[in-house]
Engineer: 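Sending over a structure as C-alpha cells; questions will come in a sec.
For reference, positions follow the sequence shown, starting with 1.
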Amino acid sequence: MKVKVGKPTAHEDLERLRAVREAVGPRFDLMVDANQSLTAAEAIRRTKAFEAVDLLWFEEPLPADDVAGHARLAAATPIPVAVGESLYSVAQFRDYLHRGAASIVQVDVARVGGITPWLKVAHLAEAFNVQVCPHFLMELHVSLTAAIPHGRYVEHIPQLRAITTGEMTISDGHAVAPETPGLGIPWNRDAMDDRRVA
C-alpha cells in the first residue's frame with residue numbers, strides 16, 4: 001500500500017502512517033511517496049521518524065534532478081529510496097545507481113522511451129543489485145517485470161480500464177503476465193473510437 005506524505009510537519013505524516021500501519025498490520029508492505037516535495041535535509045529528518053513504521057520504501061522524496069541529495073538521503077537512512085517515475089533516460093538512472101542514490105528503480109516504459117531502454121535500465125539495476133518496481137502502465141509492465149529476475153512489484157493503476165477488454169490477472173497476490181502475443185494489452189477498439197476527437 002502506498003501512502004502520500006509531505007504534510008507541513010513530520011508529526012502529521014507520522015500520525016497518518018502510524019494509523020495505516022496499525023490498520024494493515026506488520027506483515028503488509030507500506031510505501032510512501034513524497035512527490036518530490038522535500039529538501040534533502042527535511043527528507044533525512046523525516047526518515048528518522050518514519051523508521052518507526054517499517055516502510056518498504058520512500059518514493060520521490062526530492063526533486064528528480066537532485067541526485068546528490070538522494071545520495072545523501074540514501075546514506076543517512078535504512079529506508080530504501082525509490083526513484084524513476086520522473087527520470088527519462090538510461091543515463092539518468094545510471095547516475096543514480098553509480099552514486100548509490102536509489103535502492104528501488106521505478107522505471108516507466110512510456111517515459112524512458114520504450115521497451116529497449118526500459119530493459120537497459122532494468123539490467124543496469126540488476127548489475128547494482130537494485131530491485132525494479134515499475135511506475136504506472138501495469139498492463140505492459142507486468143510482462144516486462146516477469147522477464148527480469150529482480151522485479152518485485154507492479155504498480156496497480158487501472159487507468160486503461162475504459163479502453164481495454166480485460167485487466168491484469170492477479171493470482172494468489174501475484175500479477176500474472178499474459179500469454180497473448182504482442183504487448184498483451186487487450187485493446188477495446190470500439191471504446192477507443194468512441195473517445196476520438198474529430
Side-chain angles (χ1 to χ4, degrees), residues 1-64 66-67 69-87 96-97 100-108 111 125 128-139 141-142 144-146 148-161 167-177:
M1 167 179 278
K2 189 159 63 169
V3 178
K4 301 291 183 189
V5 293
K7 291 285 188 183
T9 70
H11 297 291
E12 290 175 84
D13 278 341
L14 186 57
E15 185 178 332
R16 291 172 65 238
L17 291 173
R18 281 189 171 138
V20 172
R21 174 55 74 204
E22 185 175 318
V24 300
R27 297 181 61 195
F28 202 90
D29 287 338
L30 182 60
M31 307 87 153
V32 296
D33 186 346
N35 287 316
Q36 304 183 60
S37 65
L38 303 172
T39 64
E42 182 61 20
I44 290 168
R45 192 172 80 77
R46 289 193 189 204
T47 56
K48 298 202 184 312
F50 294 169
E51 287 176 26
V53 292
D54 188 29
L55 298 179
L56 185 66
W57 74 58
F58 192 5
E59 181 177 334
E60 287 203 317
L62 316 175
D66 188 0
V67 183
H70 280 92
R72 285 199 327 270
L73 173 61
T77 181
I79 299 171
V81 175
V83 300
E85 172 180 342
S86 299
L87 301 181
Y96 268 88
L97 292 165
S103 308
I104 303 286
V105 167
Q106 295 179 294
V107 58
D108 185 318
R111 294 182 181 184
F128 282 88
N129 198 27
V130 168
Q131 289 184 321
V132 174
C133 299
H135 167 259
F136 190 55
L137 201 56
M138 64 187 189
E139 295 85 356
H141 281 136
V142 67
L144 292 173
T145 305
I148 60 173
H150 56 298
R152 180 158 184 185
Y153 279 107
V154 174
E155 192 168 33
H156 188 271
I157 303 176
Q159 289 186 334
L160 295 182
R161 250 186 204 154
E167 293 196 27
M168 180 174 68
T169 302
I170 306 290
S171 177
D172 294 325
H174 297 279
V176 179

Engineer: Between OG of Ser86 and CG of Leu62, what distance do you get to the nearest 0.5 Å?
Structural biologist: 12.0 Å

Engineer: First locate atom SG of Cys133, then atom CG of Leu56, and finally report the distance between them rounded to the nearest 0.5 Å.
Structural biologist: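 CG of Leu56 is found 7.0 Å from SG of Cys133.
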
Engineer: Could you check if a side-chain atom of Leu30 sits within less than 4.5 angstrom of a side-chain atom of Asp54, using non-hydrogen atoms only?
Structural biologist: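 Contact flag for Leu30/Asp54 side chains = no.
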
Engineer: Is Val20 close to Val53 at the side-chain level, that is, under 4.5 Å between some pair of heavy atoms?
Structural biologist: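 No, every pair of side-chain atoms sits at 4.5 Å or beyond.
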
Engineer: Any side-chain heavy atom of His156 sitting closer than 4.5 Å to one from Met168?
Structural biologist: yes

Engineer: Counting only pairs under 3.5 Å, give me each side-chain donor-acceptor contact of residues 74-85, with atom names and distances, residues two or more places apart or in other chains.
Structural biologist:
from: Thr77; atom 1: OG1; to: Ile79; atom 2: N; distance (Å): 3.1
from: Glu85; atom 1: OE2; to: His135; atom 2: NE2; distance (Å): 3.4

Engineer: Nearest 0.5 Å please: distance from the CG atom of Leu137 over to the CG atom of Asp108.
Structural biologist: 7.0 Å

Engineer: Is the shortest side-chain heavy-atom distance between Gln106 and Trp57 below 4.5 Å?
Structural biologist: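 Heavy-atom side-chain distance check passes, below 4.5 Å.
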
Engineer: How far does CG of Leu38 sit from CG of Leu73, to the nearest 0.5 angstrom?
Structural biologist: 9.0 Å

Engineer: Please answer whether the main-chain N or O of Val5 pairs with a side-chain N or O of Arg16 as donor and acceptor at a distance below 3.5 Å.
Structural biologist: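 No, the answer is negative, given that no donor and acceptor are paired below the 3.5 Å cut-off.
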
Engineer: Are Lys2 and Glu155 close enough for a salt bridge, meaning some N to O gap below 4.0 Å?
Structural biologist: yes

Engineer: Of the non-hydrogen atoms in Ala64 and Gln36, which two are nearest, and what is the gap between them?
Structural biologist: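 Smallest interatomic distance, heavy atoms only, reads N-OE1, 2.7 Å.
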
Engineer: Measure the shortest side-chain to side-chain distance between Thr145 and Pro134 over non-hydrogen atoms and say whether it is less than 4.5 angstrom.
Structural biologist: yes

Engineer: Dump the intermediate steps for salt bridge (Lys or Arg N to Asp or Glu O under 4.0 Å) on Arg18 and Glu22, then the final yes or no.
Structural biologist: CA-CA 6 Å; Arg18 281 189 171 138; Glu22 185 175 318; over 6 Å; no

Engineer: Can you tell me which residue among Arg46, Lys4, Lys7 is in a side-chain hydrogen bond (donor to acceptor under 3.5 Å, both in side chains) with Asp13?
Structural biologist: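 Only one of Arg46, Lys4, Lys7 forms a side-chain hydrogen bond (donor to acceptor under 3.5 Å, both in side chains) with Asp13, namely Arg46.
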
Engineer: Is there a side-chain contact between Ile104 and Arg152 in this structure, where contact means two heavy atoms from C-beta onward sitting under 4.5 Å apart?
Structural biologist: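 No, their side chains stay 4.5 Å or more apart.
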
Engineer: Determine the minimum heavy-atom distance between Phe28 and Arg21, stating which atoms define it.
Structural biologist: O-NH1, 2.7 Å

Engineer: Under 3.5 Å, is there a donor-acceptor pair linking the side chains of Glu42 and Thr39?
Structural biologist: no

Engineer: Short question: side chain of His141, backbone of Phe136 - any donor-acceptor pair under 3.5 Å?
Structural biologist: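 A pair under 3.5 Å: yes.
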
